Amino acid sequence: MKKAILYMIISTFSFTLMNSVVKYLASFPTFEIVFFRSLGSFVLGTTYILWKGLDIWGNKRTLMLVRSIVGLTAMSLFFMSLKYLTVGTAVSLRYLSPIFATFFAVLLLKEKLKPVQWPLFFMAFFGVLVLKGFDGAVDNTGLALILAASVFSGLVYVAIRRIGKSDSPIIIVNYFMFVGTVIGGILSMFDWKNPVGNDWWLFLSLGIFGFFGQIFMTKAFQVAKTNLVAPLKYIEVIFTITVGILWFGDVYTIWSLLGILMIIGALVANVFVAKE
């Protein structure tokens, strides 16, 4: 379990740094950020796959393509939301995706939902109302974008469940990064802004942070039970809020912190309830 905790700390901190860099680069077009984030991870992922001698194309290619397009949509909407929201608020609201994933799993995969999960879901959504209703700093456009990103992220989880264990996690992620590189690259050509000086290093860091975040999260789930590891993902919220305050000077009201606490608390409780 100690290894799993260490792996998740490395993973969540890597994702925190990636999201913070995206926030810093918010003046650049979204699809240009998507392109660089995907390209870096694709190069690292492909190198790792070839080194391990894995089949780079995978098995369930159609499902992986669907997962990639839906995931690309979710990532793009999330990056767009960072132009309007503090990075901590955006990351917290993005974690509503497990709720949408559960709803989609019930509708599309015919999975069953335990009665006790409903109050937890309502608590999480009430946290959103508290966050928006009492904190005037939460932008309506940003809120709409991050909620839409959460919906598409929920669909990503369902697609991954359909893929199952037929393909390695690194193959699935690399497929996603390949699609993100191609589509992000094409769309960014219509609104390209040349990076200058240190911007290049920041863009290159996106793929590195994203890759290590994904790798160490996968390793954590491999060495410990899901219901013990999954709640550790929410450490990212603490890291992100801290970095946001120190780097960007973000300010959180008592209402915004209460809303975030309700959302994360309900989702962590749901992880344990769902696995019982």
Side-chain angles (χ1 to χ4, degrees), residues 8-30 32-34 36-37 74-99 123-151 153 193 195 197-199 201-210 212-213 217 231-268:
M8 283 304 292
I9 289 175
I10 296 174
S11 172
T12 53
F13 191 63
S14 296
F15 282 130
T16 295
L17 292 176
M18 184 192 74
N19 293 331
S20 298
V21 172
V22 172
K23 175 68 175 179
Y24 184 80
L25 296 171
S27 61
F28 284 85
T30 297
E32 187 173 343
I33 299 175
V34 167
F36 279 106
R37 187 266 181 267
M75 181 169 67
S76 300
L77 289 169
F78 173 64
F79 287 174
M80 289 177 189
S81 76
L82 288 174
K83 298 178 185 293
Y84 303 94
L85 301 172
T86 63
V87 65
T89 299
V91 168
S92 301
L93 290 172
R94 186 187 60 182
Y95 274 118
L96 289 170
S97 55
I99 294 180
M123 177 181 170
F125 279 114
F126 188 67
V128 176
L129 296 179
V130 170
L131 186 64
K132 174 55 188 170
F134 294 96
D135 187 354
V138 177
D139 184 90
N140 287 329
T141 301
L143 181 62
L145 287 169
I146 195 61
L147 289 179
S150 298
V151 171
S153 293
K193 178 181 176 182
N198 289 331
D199 292 339
W201 294 108
L202 291 172
F203 271 117
L204 291 174
S205 74
L206 291 176
I208 297 173
F209 290 142
F212 280 101
M217 182 176 68
L232 297 175
K233 292 189 301 180
Y234 299 103
I235 296 174
E236 182 183 352
V237 175
I238 299 174
F239 283 156
T240 306
I241 289 176
T242 302
V243 171
I245 293 173
L246 296 177
W247 189 356
F248 302 105
D250 292 341
V251 177
Y252 293 89
T253 67
I254 188 65
W255 291 111
S256 60
L257 292 175
L258 177 60
I260 290 172
L261 182 61
M262 291 175 67
I263 294 168
I264 301 305
L267 295 175
V268 170

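If you're wondering where the values come from, they're calculated on a predicted model, not measured in any experiment. These numbers come from the heavy atoms of this one structure, side chains and all, not from hydrogens, waters or symmetry mates.
Looking at Val128 and Leu143, their side chains come closer than 4.5 Å, going by heavy atoms from C-beta outward. Glu236 is listed as a side-chain neighbour of Asn19, based on a closest heavy-atom distance under 4.5 Å. At least one side-chain heavy atom of Leu147 sits under 4.5 Å from a side-chain heavy atom of Leu96. Within the 4.5 Å cutoff, side-chain heavy atoms of Leu131 are placed close to those of Leu93. No side-chain heavy atom of Phe79 sits under 4.5 Å from any side-chain heavy atom of Leu77. The closest side-chain heavy-atom distance from Phe126 to Ile263 is not below 4.5 Å. Side-chain contact between Phe239 and Leu17 is absent, with no heavy-atom pair separated by less than 4.5 Å. Using a 4.5 Å heavy-atom threshold, the side chains of Thr30 and Lys83 count as touching.
A donor-acceptor pair is defined here as one N or O able to donate and one able to accept, closer than 3.5 Å; such a pair exists between the side chain of Tyr95 and the backbone of Lys233. Between the side chain of Ser11 and the main chain of Gly213, a donor-acceptor pair closer than 3.5 Å is present. Proximity of a side-chain donor or acceptor of Tyr84 to a complementary backbone N or O of Leu145 within less than 3.5 Å is not detected.
The pair Arg37-Glu32 does not meet the salt-bridge criterion, since no charged nitrogen lies less than 4.0 angstrom from a carboxylate oxygen.
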Acceptor/donor pairs from residues 20-27 side chains to any protein atom, 3.5 angstrom cut, sequence neighbours excluded:
from: Ser20; atom 1: OG; to: Thr16; atom 2: O; distance (Å): 2.8
from: Lys23; atom 1: NZ; to: Leu82; atom 2: O; distance (Å): 2.7
from: Lys23; atom 1: NZ; to: Leu85; atom 2: O; distance (Å): 2.7

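Note that the CE atom of Met75 and the CZ atom of Arg94 stand 11.0 Å from one another [nearest 0.5 Å]. To the nearest 0.5 angstrom, Tyr234 atom OH is 14.0 Å from Ile260 atom CD1. Note: Ile264 CD1 to Leu261 CG = 8.5 Å, rounded to the nearest 0.5 Å.
Ser14 approaches Phe212 most closely through the heavy-atom pair OG-CB, 4.1 Å. Considering all non-hydrogen atoms of both residues, Ser81 and Gly142 come closest at CB-O, 3.8 Å. Between Thr86 and Asp250, the closest heavy-atom pair is CB-OD2, 3.6 Å. Closest non-hydrogen pair, Gly210 versus Met18, comes out as CA-SD, 3.6 Å.
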inquiry  = Pair Leu232, Ile235 - check side-chain contact (heavy atoms from CB on, under 4.5 Å), show working.
reply    = CA-CA 6 Å; Leu232 297 175; Ile235 296 174; 4.1 Å; yes
Residues Phe36, Leu202; criterion side-chain contact (heavy atoms from CB on, under 4.5 Å); working and verdict = CA-CA 10 Å; Phe36 279 106; Leu202 291 172; over 6 Å; no
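A distance below 6.0 Å separates the ring centres of Phe28 and Phe203.
Within a 6.0 Å radius of CD1 in Ile254, other residues, nucleotides and ligands contribute 12 heavy atoms or fewer.
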